[in-house]
J.: 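This structure is in C-alpha cells; I'll ask about it shortly.
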Amino acid sequence: MSSRTKEAHYKRMYIAYLISTGRADTQAKIIEVTGLGQRTVYTCIESLSDYGIEVLKQGSVRNQSYSLVSWGLTDPKQISLQIKEVIKHAGCTTLGKY
C-alpha cells in the first residue's frame, strides 16, 4: 500500500470513528476536529462505502448530518483501541478529546 493510499485509508477510518461516536456528525464538525479540507472530508465520507461502512445522511445538503449504520467488515474496537495511531497516520489534527 502506497503512503498516499495508506494515509487516505486512515483518514476514512478516523472520520468513520468520529461519526460513529457522535464526536463529529456534520461536515463542519469533522473539518473542525480533523483539520482536513471540505472536499477531502466529502470525498472520504462518500468513499466509506468502498470499505463496507454504511453511513446514513440526514437533512438538507447544507445542514446534513451523518450517522454510522454499519462498520461492515471493519472492526470498530480495533479502530477505537488504536485511535492515536489512526490520527497520526491520517495526518490530522485533533482539538480536545477525540
Side-chain angles (χ1 to χ4, degrees):
M1 188 182 299
S2 75
S3 62
R4 292 187 106 206
T5 304
K6 187 176 181 179
E7 184 177 304
H9 170 74
Y10 282 108
K11 284 177 183 174
R12 292 175 183 129
M13 294 303 107
Y14 185 33
I15 289 171
Y17 169 82
L18 291 171
I19 293 169
S20 73
T21 59
R23 289 179 171 91
D25 62 351
T26 65
Q27 192 174 38
K29 287 180 186 175
I30 294 168
I31 291 167
E32 179 184 333
V33 171
T34 63
L36 297 171
Q38 182 178 1
R39 183 71 185 156
T40 300
V41 170
Y42 174 80
T43 302
C44 285
I45 292 169
E46 291 299 313
S47 64
L48 287 174
S49 63
D50 295 345
Y51 292 89
I53 299 172
E54 188 179 345
V55 176
L56 177 64
K57 300 173 188 176
Q58 303 165 355
S60 66
V61 175
R62 291 179 94 37
N63 298 314
Q64 199 161 56
S65 65
Y66 306 100
S67 58
L68 202 126
V69 177
S70 170
W71 278 94
L73 296 176
T74 304
D75 185 356
K77 290 178 187 173
Q78 285 301 314
I79 301 297
S80 183
L81 288 172
Q82 299 177 35
I83 194 61
K84 289 182 182 179
E85 286 297 309
V86 170
I87 294 167
K88 176 183 160 190
H89 292 296
C92 296
T93 61
T94 59
L95 300 174
K97 190 81 172 146
Y98 40 81

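Note: hydrogens, waters and symmetry copies are ignored here, and every other heavy atom, side chains too, is used. Owing to the predicted nature of the structure, the values given are computational and were not obtained by experimental measurement.
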J.: Look up atom NE2 in His89 and atom NZ in Lys6, then write down how far apart they are to the nearest 0.5 Å.
T.: 5.0 Å
J.: Are more than 12 heavy atoms, taken from residues, nucleotides or ligands other than Gln38, located less than 6.0 Å from that residue's CD atom?
T.: no
J.: Between Ile83 and Tyr17, which heavy-atom pair has the shortest distance, and what is it?
T.: CD1-CD2, 3.5 Å
J.: Might you work through the side chain to side chain contact (heavy atoms under 4.5 Å, CB included) test for Thr40 and Thr34, ending with a clear yes or no?
T.: CA-CA 11 Å; Thr40 300; Thr34 63; over 6 Å; no
J.: What side-chain donor-acceptor pairs closer than 3.5 Å can you find for residues 47-54, not counting sequence neighbours?
T.:
unit_1: Ser47; atom_1: OG; unit_2: Arg12; atom_2: NE; d: 2.5
unit_1: Ser47; atom_1: OG; unit_2: Thr43; atom_2: O; d: 3.1
unit_1: Ser47; atom_1: OG; unit_2: Cys44; atom_2: O; d: 3.0
unit_1: Tyr51; atom_1: OH; unit_2: His9; atom_2: ND1; d: 3.2
unit_1: Tyr51; atom_1: OH; unit_2: Arg12; atom_2: NH1; d: 3.3

J.: State the CD1-CD distance between Ile19 and Gln27, to the nearest 0.5 angstrom.
T.: 10.0 Å
J.: Atom NZ of Lys29 and atom CD of Glu32: how far apart are they, to the nearest 0.5 Å?
T.: 9.0 Å
J.: Locate the shortest heavy-atom distance separating Tyr14 from Val33; write the atom from each residue and the value.
T.: OH-CG1, 3.5 Å
J.: Determine the minimum heavy-atom distance between Cys92 and Lys11, stating which atoms define it.
T.: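 For Cys92 versus Lys11, the nearest heavy atoms are SG-CG, 4.4 Å.
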J.: Rounded to the nearest 0.5 Å, what separation is found between the CD1 atom of Ile87 and the CG atom of Leu18?
T.: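 One gets 7.5 Å once the value is rounded to the nearest 0.5 Å.
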J.: Grab the two heavy atoms, one from Leu36 and one from Ile31, that are nearest each other, plus how far apart they are.
T.: O-CG2, 3.3 Å
J.: Give the minimum heavy-atom separation between Ile45 and Ile30, together with the two atoms involved.
T.: CD1-CD1, 3.9 Å
J.: Distance check, rounded to the nearest 0.5 Å: Tyr66 atom OH versus Leu56 atom CG?
T.: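 The OH atom of Tyr66 sits 11.0 Å away from the CG atom of Leu56.
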J.: Using the test salt bridge (charged side-chain N to carboxylate O under 4.0 Å, His left out), find all partners of Glu46 that sit at least two apart in sequence or belong to another chain.
T.: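 With sequence neighbours excluded, Glu46 shows a salt bridge (charged side-chain N to carboxylate O under 4.0 Å, His left out) to Lys57, given in chain and number order.
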J.: So which heavy atom on Trp71 is nearest to which on Met13, and how close?
T.: CH2-O, 4.4 Å
